[in-house]
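Counting from 1, the numbers follow the sequence of the chain as shown.
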Amino acid sequence: MTSRFRSAALGHVGVAFWLVIWLGIWWVCVVATGVSSDFLPSPWQVAQKLVWLAQSGNTIGDGTLWVHACWSVLRFLSGFLLALAIGVPLGLLMGQFRLADNLLTPLFNAFRNVPPIAWAPFALLWFGASFGSQTFVIFTAALPPILMNSYRAIRLVDDGLIKAARMLGAGPGTVLFRVGLPASMPLVVAGARIGVANGWLALIGAEIIAGPGALTGLGFLILVGQQNLQAVFSISAMVVIGLIGALFDHAMVKIERKFT
């Protein structure tokens, strides 16, 4: 237990060290170049803007920073959970049944090679400038790694386990979900972690491109900074995006270690 605590403490110290170094380089670049804060604010100006945005009386669009962050997280979770609900069972079916593999693999290969942001115009056409269009773009980004890892996981399950289950009278559904799925969980969770990263990266593009007219979300704050030539808004939103993304990845690492 002591060794694990020491290792975690050293990891946190390392992260803090490199964060200080990065902030120092940022500050030096601002001071050395004398660039206007409208184009490159200092770390202190960004911190001040974050505090200002978080205060209840200061709203941009439809709310404070917390409102925008909550809307972005909600949009991300809707697309990611949909990808998880479809990708895991579909990948397991394709990996277990040859007919499903032959029918769906060519279609999936065509789908996964299209960049998620390229689906934005179709999302607007199909769902309008709404929550649904943003959910769809995030779904297209998160689905491929989830499905592919689920497919690979079921293909790598020990044949002895499957044969033993069949000898005991288990049907195809029981073999798939009572034997194959538990044995596949480490790879499935690894695919979900990649899906989280892909979906979170696609979120801001979805909010900017597939959600015109929306006045909520961290992508909206980036647009405010771009349209008003105030980089401090955009960089503040980017800092929050990075922090939330890091929290999601940290949570997925914990889940992955548990299943491994």
Side-chain angles (χ1 to χ4, degrees), residues 15-16 18-23 25-27 29-30 37-55 58-84 115-117 119-120 123 131 133-142 145 192-254:
V15 169
W18 286 111
L19 180 61
V20 170
I21 293 295
W22 185 80
L23 290 174
I25 293 172
W26 179 3
W27 196 300
C29 288
V30 172
S37 60
D38 290 338
F39 297 96
L40 183 61
S42 69
W44 175 244
Q45 289 172 317
V46 171
Q48 287 180 312
K49 183 59 68 176
L50 283 171
V51 172
W52 185 87
L53 286 169
Q55 292 172 354
N58 302 319
T59 61
I60 301 294
D62 282 350
T64 63
L65 177 66
W66 306 112
V67 173
H68 293 294
C70 287
W71 271 106
S72 289
V73 170
L74 184 61
R75 288 169 182 140
F76 162 73
L77 288 176
S78 65
F80 170 72
L81 293 176
L82 181 62
L84 198 66
I117 208 64
W119 290 101
F131 191 93
S133 62
Q134 297 157 341
T135 296
F136 180 76
V137 173
I138 297 165
F139 166 80
T140 61
R193 183 186 175 191
I194 301 171
V196 165
N198 286 3
W200 187 247
L201 290 174
L203 166 71
I204 305 307
E207 289 186 329
I208 292 174
I209 297 175
L215 299 179
T216 56
L218 297 171
F220 168 73
L221 292 182
I222 291 177
L223 275 179
V224 168
Q226 182 262 324
Q227 292 170 352
N228 295 283
L229 295 179
Q230 294 187 28
V232 67
F233 277 103
S234 300
I235 295 177
S236 298
M238 290 164 63
V239 168
V240 178
I241 291 165
L243 290 173
I244 296 175
L247 289 174
F248 274 126
D249 187 67
H250 180 71
M252 292 305 298
V253 168
K254 294 290 186 182

Mind checking what makes side chain to side chain contact (heavy atoms under 4.5 Å, CB included) contact with Ala83, not counting sequence neighbours? Phe139, Ala142, Leu143, Ile146
So, do Ser234 and Leu221 sit near enough that their side-chain heavy atoms are less than 4.5 Å apart? no
Taking the side chain as everything from C-beta on, heavy atoms only, tell me whether Val196 gets closer than 4.5 Å to Phe76. yes
Find out whether Phe248 and Val73 are in side-chain contact, i.e. whether some heavy atom of one side chain is under 4.5 Å from a heavy atom of the other. yes
With sequence neighbours left out, write down each residue that passes ring-ring contact (aromatic ring centres under 6.0 Å, His included) with Trp71, or none if nothing qualifies. none
I'd like to know whether Cys70 forms a side chain to side chain contact (heavy atoms under 4.5 Å, CB included) with Leu74, so could you lay out the CA-CA distance, the side-chain angles of the two residues, the decisive distance to 0.1 Å, and finally the verdict. CA-CA 6 Å; Cys70 287; Leu74 184 61; over 6 Å; no
Where at least one partner belongs to residues 237-251, residue pairs that pass salt bridge (charged side-chain N to carboxylate O under 4.0 Å, His left out), sequence neighbours excluded: Arg193-Asp249
So do the side chains of Glu207 and Ile138 get within less than 4.5 Å of each other, counting heavy atoms only? no
Set out, in order, the CA-CA distance, both residues' side-chain angles and the distance that settles side chain to side chain donor-acceptor pair (under 3.5 Å) for Gln55 and Thr64, then state yes or no. CA-CA 7 Å; Gln55 292 172 354; Thr64 63; over 6 Å; no
Find out whether Leu65 and Trp52 are in side-chain contact, i.e. whether some heavy atom of one side chain is under 4.5 Å from a heavy atom of the other. no
Contacts of Phe136 that satisfy ring-ring contact (aromatic ring centres under 6.0 Å, His included) - sequence neighbours left out: Trp119, Trp126, Phe127
Output all residues satisfying side chain to side chain contact (heavy atoms under 4.5 Å, CB included) with Ser42, sequence neighbours left out; order by chain, then residue number. Val30, Trp44, Gln45
Side-chain (His68) to main-chain (Ile60) donor-acceptor, under 3.5 angstrom: yes
Sequence neighbours excluded, which residues qualify as side chain to side chain contact (heavy atoms under 4.5 Å, CB included) partners of Pro115? Ala118
